[in-house]
Amino acid sequence: ALHTAQQEKNSEDYQEVYNAIATKMREEKDFDNNNGYGPVLVRLSWHVSGTWDKRDNSGGSFGGTYRFKKEMNDPLSRGLQNGFKFLESIDKQFPWLSHGDLFTLGGVTAIQEMQGPKIPWRSGRVDEPESMVPDNGRLPEPHYGADYVRSYYERFNFTDQEVVALLGAHVLGKAHLKNSGYDGPWDDESNIFSNAFYDNLLKLKWTPEINDAGNKQYDNKEKGYMMLPTDYALFQDPKYLKYVKAYANDQDLFFKDFTKVYTKLIENGIEFPKENKPHLFKTLKEQGK
Ligand code: HEM
Ligand SMILES: CC(=O)Cn1cnc2ccccc21
Ligand SMILES: CC(=O)Cn1cnc2ccccc21
């Protein structure tokens, strides 16, 4: 199915939505041990896009189908309901906004408000009916290594460099044992978007341990950080490791490359008419708020 974006509002209208999301993030910054809603909003924007299949252009962010229970209850998305509930009041305040635009704008706002790069965001996704909900099983599992990660992202035509840049988002938030069977003690820096994920991976000592759910994860005792097997794969695989080193040493390069691949991710499968220009949002701080 072809998905053509319908441009209907202008940038000021979307900046208003951005501000409502950003303000609510500030008001509810004590969520999840003071991590706030930023990390789970970013993860939600990735999960609604990660169902895309290039072979038949099914799934992806366009139809906003995460709002239906079959997709929302995907066992690999446990915990994201918190992000959905957070966005419900925004959905009511701006009924003209499609769910696909809401879920992706939530992630863009969160990245920018957590001091991340500016993400040029295009609007015009159109809600699709429940019959269009993709099957569960399209999201990645955390238990495996580099070969699994590489073959998983082949479905998006992402290169090794794009995969490493995208996974830098795991600088945000934490793993919660009851959600995923992995547990990552949070640190106070986990709601600031930076290249620290690569630094941690390269510079800290990682010890494989079996956690309380019986899963192997990599733990650092000194800082109390953790890495999933799929995170650690970026360190183990020499082709990935080259990009891990580049991003650990150059935050600007990371920001540039993350912006490109994250935009690709949330726009996969969508035709944007050339007059449908990206919106560039100001942070609350830049607006003096
Ligand atoms: C190999 C691919 C990936 C795997 C296997 C994976 C797996 C996971 C797992 C198991 C968690 C912990 C969930 C919980 O216990 O609450 C998590 C959290 C998270 N993921 Fe990923 N992920 C992947 C890629 C991505 C991508 C591409 C992004 C964004 C661009 C992303 C953003 C996040 C964020 C922000 C969190 C923290 C959420 C929170 O604090 O509630 N992940 N991921
Ligand atoms: C501090 C740190 O490395 C956090 N971290 C490392 N891997 C992660 C996967 C999901 C969420 C957070 C994650
Ligand atoms: C060819 C290429 O991917 C250019 N490039 C884009 N981002 C990069 C990060 C580390 C090393 C090379 C990088």
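One-based numbering along the sequence shown. Counting starts at 1 for both ligands and their atoms, in listed order.
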### Task
Taking atom types as modelled, find out whether Thr65 and Glu128 have a side-chain donor-acceptor pair closer than 3.5 angstrom.
no
### Query
What protein heavy atom sits nearest atom 35 (C) of ligand 1, and how far off is it?
Pro39 O, 3.2 Å
#### Entry: Residue among Ile266, Leu280, Thr263 satisfying side chain to side chain contact (heavy atoms under 4.5 Å, CB included) with Trp121
Ile266
### Task
Using only heavy-atom distances, determine whether the side chains of Ser61 and Arg125 contain a donor-acceptor pair under 3.5 Å.
yes
### Query
According to the interplanar angle, ranging from 0 to 90°, do the rings of Phe255 and Phe193 count as parallel (below 30°), tilted (30 to 60°) or perpendicular (above 60°)?
perpendicular
## Note on the structure
Note: heavy atom closest to atom 12 (C) of ligand 1, options Gly184, Ala175, Pro229, belongs to Ala175
### Nearest-contact summary for atom 4 (C) of ligand 1 - protein heavy atom, Å
Pro140 CG, 4.0 Å
### Message
Just to be sure I read this right, does ligand 1 sit under 4.0 Å from the backbone of Tyr153, its side chain, both, or neither, counting only heavy atoms?
### Response
side chain
## Note on the structure
Quick note on ligand 1: atoms under 4.0 Å from a heavy atom of Leu167 include exactly 23 (C), 24 (C)
### Query
Can you tell me which residue and heavy atom of the protein come closest to atom 28 (C) of ligand 1, and the distance to 0.1 Å?
Trp46 CD1, 3.4 Å
### Query
Numbering the atoms of ligand 2 from 1, which are under 4.0 Å from a heavy atom of Gly173?
12 (C)
### Task
Among all protein heavy atoms, pick the one closest to atom 13 (C) of ligand 1 and tell me residue, atom and distance.
Arg43 NH1, 3.5 Å
### Query
Taking the side chain from Asp74 and the backbone from Asn136, do they hold a donor-acceptor pair closer than 3.5 Å?
no
### Query
Lys174 to ligand 2: N or O pair under 3.5 Å?
no
### Message
Please compare Val40, Val149, Leu172, Leu139 and report which has the shortest non-hydrogen distance to atom 37 (C) of ligand 1.
### Response
Leu172
### Query
Quick one: which ligand 2 atoms are inside 4.0 Å of a heavy atom on Asp231?
6 (C), 7 (N), 8 (C), 9 (C)
### Task
Could you tell me whether the side chain of Arg43 and the main chain of Gly83 form a donor-acceptor pair under 3.5 Å?
no
### Polar contact flag for Tyr225 and ligand 2 (N/O pairs, less than 3.5 Å)
no
### Query
Side chain, backbone, both or neither: which part of Leu177 comes within less than 4.0 Å of ligand 1 when only heavy atoms are counted?
neither
### Message
Please determine whether any non-hydrogen atom of Asn35 lies less than 4.0 Å from an atom of ligand 1.
### Response
no
### Phe254 and Tyr198 aromatic centres sub-6.0 Å
yes
### Task
Step through the shown structure and confirm whether more than 12 heavy atoms of other residues, nucleotides or ligands are within 6.0 Å of NZ on Lys221.
yes
### Query
Do His143 and Tyr182 have their ring centres less than 6.0 Å from each other?
yes
#### Entry: Atoms of ligand 1 close to Glu141 [distance to a heavy atom under 4.0 angstrom, numbered from 1]
5 (C)
### Message
Please confirm whether the ring centroid of Phe258 lies under 6.0 Å from the ring centroid of Trp46.
### Response
no
### Task
Note the single closest protein heavy atom to atom 41 (O) of ligand 1, along with its residue, its atom name and the distance in Å.
His176 CE1, 3.4 Å
### Query
So does Glu271 have more than 12 non-hydrogen atoms from other groups sitting under 6.0 Å from CD?
no
### Query
Cut-off 3.5 Å, side chains only: do Trp206 and Asn200 have a donor facing an acceptor?
no
### Summary
Under 4.0 Å between heavy atoms, the region of His170 that gets near ligand 1 turns out to be side chain
### Message
List ligand 2 atoms under 4.0 Å from Met227, heavy atoms only on the residue side.
### Response
3 (O), 6 (C)
### Summary
If we number the atoms of ligand 1 from 1 as shown, the ones under 4.0 Å from a heavy atom of Asn179 are 14 (C), 15 (O), 16 (O)
### Under 4.0 Å to a heavy atom of Leu172 - the qualifying atoms of ligand 2, by number
11 (C), 12 (C)
### Summary
min-distance protein heavy atom vs atom 30 (C) of ligand 1 -> Ala169 CB, 3.5 Å
### atom 39 (C) of ligand 1: the protein heavy-atom neighbour that sits closest, reported with distance to 0.1 Å
Lys174 O, 3.6 Å
### Query
In terms of atom number and element, which parts of ligand 1 are under 4.0 angstrom from non-hydrogen atoms of Leu166?
27 (C), 30 (C)
### Query
If you measure from each non-hydrogen atom of Val171 to ligand 2, which part falls under 4.0 Å: side chain, backbone, both or neither?
neither
### Query
Step by step, would you call Leu80 with Val40 a side chain to side chain contact (heavy atoms under 4.5 Å, CB included)?
CA-CA 6 Å; Leu80 290 185; Val40 75; 3.8 Å; yes
### Message
At less than 4.0 angstrom from any non-hydrogen atom of Gly173, what atoms of ligand 1 do you find?
### Response
40 (O)
### Exercise: do Asp91 and His99 side chains pair donor with acceptor under 3.5 Å
yes
### Asp135 bridged to Lys70 by N-O distance under 4.0 Å
yes
### Task
Fit a plane to each ring of Tyr37 and Phe31, take the angle between them on a 0 to 90° scale, and name the class: parallel (under 30°), tilted (30 to 60°) or perpendicular (over 60°).
parallel
### Message
Can you report which non-hydrogen protein atom sits closest to atom 10 (C) of ligand 1, along with the distance?
### Response
Ser180 CB, 3.6 Å
### Side chain, backbone, both or neither: the part of Asn82 lying under 4.0 Å from ligand 1 by heavy atom
neither
### Query
Counting N and O atoms only, with roles assigned by atom type, does the side chain of Asn220 sit under 3.5 Å from a partner on the main chain of Lys205, one being a donor and the other an acceptor?
yes
### Query
Considering distance alone, does some N or O of Thr230 sit under 3.5 Å from an N or O of ligand 1?
no
### Task
For Ser190 and ligand 2, answer yes if some heavy atom of the residue is under 4.0 Å from a ligand atom, otherwise no.
no
